[in-house]
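In what follows, a structure is listed as structure tokens, so that the remarks can point back to it.
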Amino acid sequence: MTTTDRLSPLDSSFLHLENEFAHMHIGSTSIFEGPPPPFEDVRALVESKLIDIPRYRQVVRFVPMDLGRPVWADDRHFNLEFHVRHTALPLPGGREELRRLVARIMSQQLDRSRPLWEMWVVEGLEDGHWALISKVHHAMVDGVSGAELLSTVLDISPDATIAKAAEWAPRSSPSNIELATDAVAQLVKSPYEQVRALRAAGRVPRQAIEQLKEVGAGLSSLAGILSATPESTLNGPIGPNRRYVWTSVSVDDIKTVRAALGGTFNDVVLATITRGFRSLLRARDESTDRVVRTLVPVSVRPRNDGEVAAGDGTMANKVSAMFAELPVMLDDPGEALAAVSEQMADLKESKQAVAGEALTSMADFAPPMLLALGERVAARAAQRNVNTVTTNVPGPQLPLYSLGRRMLEIFPFVPLAGQVRVGVAMFSYYGTVYFGITGDYDTCEDIGVLSDGIEAGMEDLLHLARAAS
């Protein structure tokens with residue numbers, strides 16, 4: 001085994017967090033122009049790309065007695081037919097029927113005895129369109145690398161052809177004894193690695209001191225999430241089933257608001273979500289004299305000249321988090337945007353994301369059996385004090401194609417866990433930001449109110465922006 005075969009502390013945490021009610025896979029629904037391609041061609045296309053994403057032919061192997069973090073091992077019985085599936089809606093399949101299908105597919109936990117991903121080709125959509133539903137475990141991929149994966153599986157040209165699939169021979173899978181032995185060796189080596197890292201930092205003391213200052217400031221800011229938010233129907237026990245709705249806003253509209261009213265692109269998006277949650281709470285006859293605390297995942301992938309650094313095809317998670325408070329008490333959309341903008345600037349200055357990444361890295365030195373328990377306890381504690389999750393991933397701003405058919409829209413999916421009953425994911429593609437909203441089936445029958453509120457929030461901000469201009 002190599003060091004890249006072992007899951008990182010963050011990747012393994014997504015496996016430990018998963019249970020019968022919390023299914024830790026992310027995903028998306030892409031809608032394409034028609035006519036649908038032959039299913040055999042879709043499967044052949046995916047097969048031709050697998051050489052670039054080796055994780056898609058690997059399974060998770062758990063170490064006996066939790067002596068070490070799980071490892072990736074080649075699946076000697078890999079069968080592509082199990083992962084690329086085919087279904088259809090009764091003609092003509094509308095948006096609501098497609099959303100219900102997505103919700104049902106996402107409500108099913110991935111089989112851990114196989115590679116942790118699925119793709120569903122869906123025919124029968126109205127206007128002759130077809131869809132591709134992607135479902136990937138969070139242990140394999142984060143949002144940003146998910147965008148990279150999308151670019152890998154799809155093509156930038158409508159004229160691209162299907163390449164011949166490369167030959168693949170699975171490596172031998174380690175035995176339980178080998179897994180345990182290697183894990184013990186890693187435990188022995190970890191203190192040495194820690195000392196070595198400290199010595200290396202000592203060679204550049206000024207840089208090390210600055211990094212420690214950033215982490216310390218971030219830890220101080222993170223301590224603020226220990227305070228509980230007011231009780232709300234946004235939080236509570238969840239079941240295994242999901243509801244799913246979506247909406248979208250124009251990138252040009254967001255830029256118009258930003259130019260006239262200030263703030264960043266992400267600030268404007270969060271302001272529209274603030275309006276959505278205000279609408280949802282009011283529709284539930286709950287007080288809006290409060291904030292809605294949201295976990296905001298932040299990519300910490302290394303960048304080179306402004307671009308995401310090239311990876312090795314393993315798509316590991318490189319993500320930290322900040323915790324923002326959506327000012328749902330503010331009725332005026334301009335005031336809400338200004339409050340969000342000021343807060344996000346403060347959060348970035350506080351280095352919350354740096355501290356979160358540092359804490360995750362420190363988990364390398366914790367005994368894995370204690371780490372697994374600690375992750376569950378910490379997740380429950382944090383999610384009692386977090387109302388929702390809002391994740392925003394920048395996607396490609398050029399048209400993508402699959403077998404000559406242009407991708408028209410793409411709606412992301414975010415999982416739910418702990419006490420969080422509603423989550424919002426955003427993905428930007430070719431001039432549009434697409435929102436995918438996940439809700440617990442038993443308690444969030446009304447999440448369409450949140451979707452409508454996001455649309456209304458954008459309209460309100462545009463009205464203010466045009467008046468200001």
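Given the structure is predicted, the values throughout are model-derived calculations rather than measurements. Both backbone and side-chain heavy atoms feed into the values below; hydrogens, waters and symmetry mates do not. Position 1 is the first residue of the sequence; numbering continues from there.
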Donor on one side chain, acceptor on other, [X] and [Y], under 3.5 Å:
| X | Y | value |
| --- | --- | --- |
| T432 | S248 | no |
| N235 | R293 | no |
| S113 | D111 | yes |

Does K49 pair with D52 as a salt bridge, N-O distance under 4.0 Å?
no
Pair R243 + D440, salt bridge at N-O below 4.0 Å:
no
How far does [atom1] of [X] sit from [atom2] of [Y], to the nearest 0.5 angstrom?
| X | Y | atom1 | atom2 | answer |
| --- | --- | --- | --- | --- |
| L45 | E40 | CG | CD | 13.0 Å |
| Y429 | I410 | OH | CD1 | 8.5 Å |
| L330 | L337 | CG | CG | 11.0 Å |
| I133 | R104 | CD1 | CZ | 9.5 Å |
| Q58 | I53 | CD | CD1 | 11.5 Å |
| S48 | I162 | OG | CD1 | 6.5 Å |

All ring-ring contact (aromatic ring centres under 6.0 Å, His included) counterparts of H23, not counting sequence neighbours
none
P333 meets the side chain to side chain contact (heavy atoms under 4.5 Å, CB included) criterion, sequence neighbours left out, with D460, L461, L464
Considering all heavy atoms of both residues, which atom of [X] and which atom of [Y] are nearest to each other, and what is their separation?
| X | Y | answer |
| --- | --- | --- |
| D75 | W168 | O-CH2, 3.4 Å |
| V60 | P70 | CG1-CB, 3.7 Å |
| A22 | R242 | CA-NH2, 4.2 Å |
| W117 | L80 | CH2-CD1, 3.8 Å |
| L261 | A468 | CD2-CB, 4.3 Å |
| V449 | A283 | CG1-CB, 4.0 Å |

Heavy-atom donor-acceptor pair, [X] side chain to [Y] backbone, under 3.5 Å:
| X | Y | answer |
| --- | --- | --- |
| K135 | I105 | yes |
| R290 | S287 | no |
| T388 | V422 | yes |
| D155 | S157 | no |
| E97 | P90 | no |
| R6 | R69 | yes |
| R421 | T233 | yes |

Kindly list each side-chain donor-acceptor pair under 3.5 angstrom involving residues 393-401, sequence neighbours excluded, with atom names and distances?
| unit_1 | atom_1 | unit_2 | atom_2 | d |
| --- | --- | --- | --- | --- |
| Q397 | OE1 | Y430 | N | 3.4 |
| Q397 | OE1 | G431 | N | 2.9 |
| Q397 | NE2 | G395 | O | 3.2 |

Hey, which of V414, I26, L116 is the one that makes side chain to side chain contact (heavy atoms under 4.5 Å, CB included) with H138?
I26
Pick one: which of M24, M140, H137 meets side chain to side chain contact (heavy atoms under 4.5 Å, CB included) with L110?
H137
Mind jotting down which residue pairs meet the salt bridge (charged side-chain N to carboxylate O under 4.0 Å, His left out) criterion with at least one end in [range]? Sequence neighbours excluded, please.
| range | result |
| --- | --- |
| residues 331-345 | R278-D331 |
| residues 246-265 | none |
| residues 392-416 | R95-E409 |
| residues 14-27 | E18-R112 |

Going by the rule side-chain hydrogen bond (donor to acceptor under 3.5 Å, both in side chains), which residues pair with D446 if we only count those two or more places apart in sequence or in a different chain?
R284
Could you walk me through whether V424 and T391 pass the side-chain contact (heavy atoms from CB on, under 4.5 Å) test, one step at a time?
CA-CA 7 Å; V424 182; T391 175; over 6 Å; no
Determine which pairs satisfy ring-ring contact (aromatic ring centres under 6.0 Å, His included) with at least one residue from residues 434-469, sequence neighbours left out, and list them in order.
F411-Y434
One pair to check against side-chain contact (heavy atoms from CB on, under 4.5 Å): S232 and L281. What are the steps and the verdict?
CA-CA 9 Å; S232 169; L281 290 173; 3.9 Å; yes
Is the closest side-chain heavy-atom distance between [X] and [Y] below 4.5 Å?
| X | Y | result |
| --- | --- | --- |
| L101 | V122 | yes |
| S402 | F32 | yes |
| L154 | M407 | yes |
| V46 | M119 | yes |
| L234 | F277 | yes |

Considering only residues two or more places apart or on different chains, which pairs with a residue in residues 123-133 satisfy side-chain hydrogen bond (donor to acceptor under 3.5 Å, both in side chains)?
H86-E123
Does a sphere of radius 6.0 Å around CG in N79 hold more than 12 heavy atoms from other residues, nucleotides or ligands, not counting ones at 6.0 Å or beyond?
yes
Determine, step by step, whether F413 and T29 satisfy the side-chain contact (heavy atoms from CB on, under 4.5 Å) criterion, reporting the C-alpha distance in whole Å, the side-chain angles of both residues, the deciding distance to 0.1 Å, and the verdict.
CA-CA 8 Å; F413 176 90; T29 301; over 6 Å; no
Distance-only donor-acceptor pairs under 3.5 Å for side chains of residues 262-274, two or more places apart:
| unit_1 | atom_1 | unit_2 | atom_2 | d |
| --- | --- | --- | --- | --- |
| T264 | OG1 | N266 | N | 3.4 |
| T264 | OG1 | D267 | N | 3.0 |
| T264 | OG1 | D267 | OD1 | 3.2 |
| T264 | OG1 | D267 | OD2 | 3.1 |
| N266 | OD1 | N392 | ND2 | 2.9 |
| D267 | OD2 | T264 | N | 2.9 |
| D267 | OD2 | S341 | OG | 3.1 |
| T272 | OG1 | V269 | O | 2.6 |
| T274 | OG1 | L270 | O | 2.8 |

Do F78 and H83 make the cut of ring centroids closer than 6.0 angstrom?
yes
Test salt bridge (charged side-chain N to carboxylate O under 4.0 Å, His left out) applied to R99 - qualifying residues, sequence neighbours left out:
E96
Apply side-chain contact (heavy atoms from CB on, under 4.5 Å) to the pair D74 and V59, showing each step before the final yes or no.
CA-CA 6 Å; D74 288 352; V59 295; over 6 Å; no
